[in-house]
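Everything numeric in this text was worked out from a predicted model, so none of it was measured. All residue numbers in this chain count up from 1 along the given sequence. Atoms considered below: every heavy atom in the structure, side chains included; atoms not considered: hydrogens, waters and symmetry mates.
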Amino acid sequence: MYLYHYGIKELPFTLTPNTSYFFGLPSHKEAIDVLLTAIKTGEGFIKVTGEVGTGKTLICRKLLNELPEPFVAAYIPNPYLTPSELRRSVAAELNVTLSSNADQQEFTQRLQQRLIEVNQQNRGVVLIIDEAQALPIESIEALRLITNLETESRKLLQVVLFGQPELDDKLALPELRQLKQRVTFSYALKLMNADQVFQYVRHRMSVAGYRGDDIFSSRACKLLFKASKGTPRIVNVLCHKALMLAYGEGKQQVEIKHIKLAINDTEAAYTSRFSVVKLLLGLTTTVVVLAAAYWAYQRFAL
């Protein structure tokens, strides 16, 4: 595509969460710090929420890579599971063998045995669930029951939930109040500001192998910020399209017109939606003015 044109070794703005591109935004670093502190202190439930595209899965994978040595991780990326499916997924992640018709009692006994074995090795088990807002209510309750397993001094299983803000709405339901009370650490991811967007774009270009003057100017990044509201995923989409447009014209630097074209081609870009709203408001105002003028003409003509 445009790799040779810009002198880079790989696409810098793909949507796949790649920890090698982890920028260390203040919000992301704070989230990692909160998670590691909570895990080391042995808390039961830990929660990280953020809007779509704010980097939850990236932080989730970063946590998996940086989990301290004494901990064993179990990872569930797609939690839209029934209670039975959830139990089997947890068992598979922790190498717990279940019979084909295992019931909850068998699962609990074998899981507890496995967790005790890990605990006797002075290690802890952390269950990490991405997209946790997709967990059915019955499965969330099953998850709470799993975490009842404990010794006299510590929990045998810790749970980290990553989810969209809808997760907070779900945990606010009366039937889930017991689990909500067990969430001792939580963190809400923040969006980037304009300067962070500029640094973020520069960082990704650098990781991709670019060496040279900034392809995206400060002015271009301000427009990216306005269109994305600081959402990393939308910034990635816009930057990729802008690079393609500049490449198509043989340009070495992304220009404002390339950013604007990328915005107009991206449904998720806020500026595009706002411009449509403004257009509709303008048309509505025009119709109202014309209607008033016509009414006045009719009245005085008579």
Side-chain angles (χ1 to χ4, degrees), residues 1-29 31 50-62 131 164-165 189-282:
M1 195 175 286
Y2 52 65
L3 301 185
Y4 180 78
H5 179 74
Y6 296 112
I8 53 181
K9 63 181 186 290
E10 58 188 11
L11 297 176
F13 297 104
T14 61
L15 300 185
T16 303
N18 185 342
T19 55
S20 66
Y21 280 86
F22 184 79
F23 177 44
L25 291 164
S27 180
H28 288 185
K29 291 174 69 175
E51 277 292 348
V52 175
T54 51
K56 297 183 297 298
T57 299
L58 180 62
I59 294 173
C60 182
R61 294 186 180 180
K62 185 73 171 175
E131 301 293 346
Q164 297 170 18
L189 294 174
K190 304 175 184 66
L191 298 176
M192 295 184 286
N193 59 33
D195 180 63
Q196 288 168 352
V197 169
F198 178 72
Q199 299 297 333
Y200 172 83
V201 171
R202 173 187 282 177
H203 169 77
R204 293 191 73 97
M205 289 297 300
S206 176
V207 174
Y210 178 72
R211 301 292 181 267
D213 296 334
D214 290 323
I215 290 181
F216 292 85
S217 66
S218 177
R219 185 178 170 216
C221 288
K222 286 180 181 177
L223 187 55
L224 285 171
F225 167 71
K226 183 178 179 182
S228 67
K229 296 300 180 184
T231 304
R233 183 180 296 166
I234 300 178
V235 171
N236 285 7
V237 171
L238 295 176
C239 285
H240 176 61
K241 291 181 178 180
L243 285 172
M244 289 177 60
L245 290 165
Y247 163 68
E249 295 183 1
K251 302 288 181 64
Q252 287 294 326
Q253 190 171 44
V254 169
E255 300 175 359
I256 295 298
K257 67 176 182 179
H258 301 138
I259 302 291
K260 289 182 177 180
L261 287 170
I263 291 170
N264 290 334
D265 187 58
T266 306
E267 291 185 7
Y270 290 89
T271 302
S272 297
R273 296 193 304 200
F274 291 159
S275 62
V276 171
V277 171
K278 289 178 181 178
L279 175 61
L280 292 175
L281 288 174

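In this structure, Q196 and K190 have side chains that are not in contact, with every pair of non-hydrogen atoms separated by 4.5 Å or more. Considering only heavy atoms from C-beta on, F225 stays 4.5 Å or farther from D195 through its side chain. The shortest side-chain heavy-atom distance between L243 and P12 falls under the 4.5 Å cut-off. Within the 4.5 Å cutoff, the side chain of N236 has no heavy atoms near those of the T14 side chain. Using a 4.5 Å cut-off on side-chain heavy atoms (C-beta onward), V235 and R204 make no contact. H28 places none of its side-chain heavy atoms less than 4.5 Å from the side chain of F23.
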Begin with the C-alpha distance, continue with both residues' side-chain angles, and end with the deciding distance and a verdict on side-chain contact (heavy atoms from CB on, under 4.5 Å) for E131 and Q164.
CA-CA 7 Å; E131 301 293 346; Q164 297 170 18; 3.6 Å; yes

Working note: Q252 + H5, criterion side-chain contact (heavy atoms from CB on, under 4.5 Å); need CA distance, chi angles, decisive distance, verdict.
CA-CA 8 Å; Q252 287 294 326; H5 179 74; 3.3 Å; yes

Please evaluate residues F198 and K222 with respect to the criterion side-chain contact (heavy atoms from CB on, under 4.5 Å), reporting the C-alpha separation (whole Å), side-chain torsions for both, the decisive distance (0.1 Å), and the verdict.
CA-CA 8 Å; F198 178 72; K222 286 180 181 177; over 6 Å; no

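With a 6.0 Å radius and a threshold of 12 heavy atoms from other residues, nucleotides or ligands, Y210 has its OH atom above the threshold. The environment of K29 atom NZ is sparse: at most 12 non-hydrogen atoms of other residues, nucleotides or ligands sit within 6.0 angstrom.
A pairwise comparison of heavy atoms in S20 and V207 identifies O-CG1, 3.7 Å as the closest pair. Nearest heavy atom pair, residue L189 against residue G50, reads CB-CA, 4.2 Å. The two atoms that bring A242 and V254 nearest to each other are CB-CG1, 3.8 Å, heavy atoms only. In this structure, A262 and L245 approach most closely via the heavy-atom pair N-CD1, 4.0 Å. Nearest heavy atoms, I8 versus G209: CG2-C, 4.1 Å.
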Would you list the atom pairs, donor with acceptor, under 3.5 Å between side chains in residues 212-220 and any protein atom, with sequence neighbours excluded?
from: D214; atom 1: OD1; to: R202; atom 2: NE; distance (Å): 3.1
from: D214; atom 1: OD2; to: R202; atom 2: NH2; distance (Å): 2.8
from: S217; atom 1: OG; to: A220; atom 2: N; distance (Å): 3.1

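For the residue pair N18 and T16, no side-chain donor N or O sits within less than 3.5 Å of a side-chain acceptor on the partner.
For I234, the side chain to side chain contact (heavy atoms under 4.5 Å, CB included) partners are S228, T231, L238, A268, Y270, not counting sequence neighbours.
Taking NE2 of H258 as the start and CG of L223 as the end, the distance is 13.0 Å to the nearest 0.5 Å. One finds the CD1 atom of I59 at 12.5 Å from the OG1 atom of T19 (value rounded to the nearest 0.5 Å). Atom NZ of residue K260 and atom CD1 of residue I263 lie 8.5 Å apart, to the nearest 0.5 angstrom. Taking CG from L224 and CD1 from I256, the interatomic distance works out to 8.0 Å, rounded to the nearest 0.5 Å. The structure places OG of S27 at 8.0 Å from CG of L191, a figure rounded to the nearest 0.5 Å. For the atom pair CZ (F13) and OH (Y21), the distance works out to 8.5 Å, reported to the nearest 0.5 Å.
Under a 4.0 Å N-O distance rule, the pair E51/K229 does not qualify as a salt bridge.
Annotation: H240 is in aromatic contact with Y2 [ring centroid separation under 6.0 Å].
A donor-acceptor pair under 3.5 Å links the side-chain atoms of R211 to the main chain of S206, judged by distance alone. For the pair K62 (side chain) and F22 (backbone), a donor-acceptor distance under 3.5 Å is absent.
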